[in-house]
Amino acid sequence: MVVGTVHGGRMLAEARMLDTFEVGVPGSGWVYDPWTQTEVQALDVLFTTAGRVKVGLMPREAEAGGRTVATVTRELHIPVDSPEVPAGAVAVCTAVHETSDPTLLGARLTLVGPAPGSQTTARRLTVKEGVS
């Protein structure tokens with residue numbers, strides 16, 4: 001009973017993962033990012049996956065380099081059977097579905113760490129995006 005319910009839940013969760021992400025580790029050098037029109041650290045892509053970003057409710061502010069930086073905590077949901085993702089990896093949104101916020105396209109989300117659990121319908125990765 002539980003196994004069937006979990007598998008059904010996974011199918012439903014994956015049906016909502018309509019955006020595409022490249023997941024990788026910071027590489028050497030810098031590259032031009034067409035979405036932000038700035039230079040960003042290169043990314044050594046580990047894999048590409050469907051995903052869904054779930055936004056946290058409250059941004060947190062901190063001082064960094066003499067200015068205030070707001071950090072928004074989010075979760076990136078990817079299929080349970082996706083490859084393991086190392087902490088410190090980065091996920092870049094490369095395609096958004098018509099039902100998603102179009103400003104998600106190009107977002108660079110730093111993976112703080114996995115949030116594994118039992119009988120989950122998705123692999124939930126805690127991520128953050130710095131917004132200045």
Looking only at heavy atoms, what is the nearest atom pair of Gly51 and Leu76, with distance? CA-CD1, 4.4 Å
Applying a strict under-4.5 Å side-chain criterion to I, L, V, M, F, W and Y, I'd like to know whether Val92 and Trp30 cluster together. no
Please report the closest heavy-atom contact between Pro79 and Ala50, naming both atoms and the distance. CD-O, 3.4 Å
Looking only at heavy atoms, what is the nearest atom pair of Met17 and His77, with distance? SD-O, 3.8 Å
Check for me, please, whether Leu109 and Leu46 land in the same ILVMFWY cluster - side-chain distances under 4.5 Å, paths through other members count. yes
Given 3.5 Å as the limit, does a donor-acceptor pair link the side chain of Arg123 with the main chain of Pro83, or not? yes
Just by distance, with hydrogens left out, do Thr38 and Asp33 show a side-chain donor and acceptor under 3.5 Å apart? no
Donor-acceptor pair, Gln41 side chain versus Gly27 backbone, under 3.5 Å? yes
Can you find a pair of side-chain heavy atoms, one from Arg74 and one from Leu104, that are under 4.5 Å apart? yes
So how far is it from Arg124 CZ to Lys54 NZ, rounded to the nearest 0.5 Å? 7.0 Å
Do the non-hydrogen side-chain atoms of Tyr32 and Gln37 ever get within less than 4.5 Å of each other? yes
Report yes if the side chains of Val23 and Thr49 come closer than 4.5 Å at any heavy-atom pair, otherwise no. yes
Could you give the distance from OG (Ser100) to CG (Asp19), rounded to the nearest 0.5 Å? 3.0 Å
Do the side chains of Ile78 and Leu125 get nearer than 4.5 Å, heavy atoms only? yes
Hey, any chance Leu105 and Val90 share a hydrophobic cluster, counting ILVMFWY side chains that come within less than 4.5 Å of each other, even indirectly? yes
If we only count heavy atoms from C-beta on, is the Val31 to Val40 side-chain gap below 4.5 Å? yes
Shortest non-hydrogen pair, Ala42 vs Ser28, comes out as CB-O, 3.5 Å
If you take all heavy atoms of Val45 and Glu22, which pair is closest and at what distance? CG2-OE1, 3.7 Å
With a 4.5 Å limit on heavy-atom distance, are the side chains of Val25 and Leu43 in contact? no
Quick one, Thr20 and Thr48 - any side-chain contact, counting heavy atoms below 4.5 Å? yes
Are Leu18 and Thr99 side-chain neighbours, meaning at least one heavy-atom pair lies under 4.5 Å? yes
Hey, what do you get for CZ (Phe47) to CD (Glu84), rounding to the nearest 0.5 Å? 10.0 Å
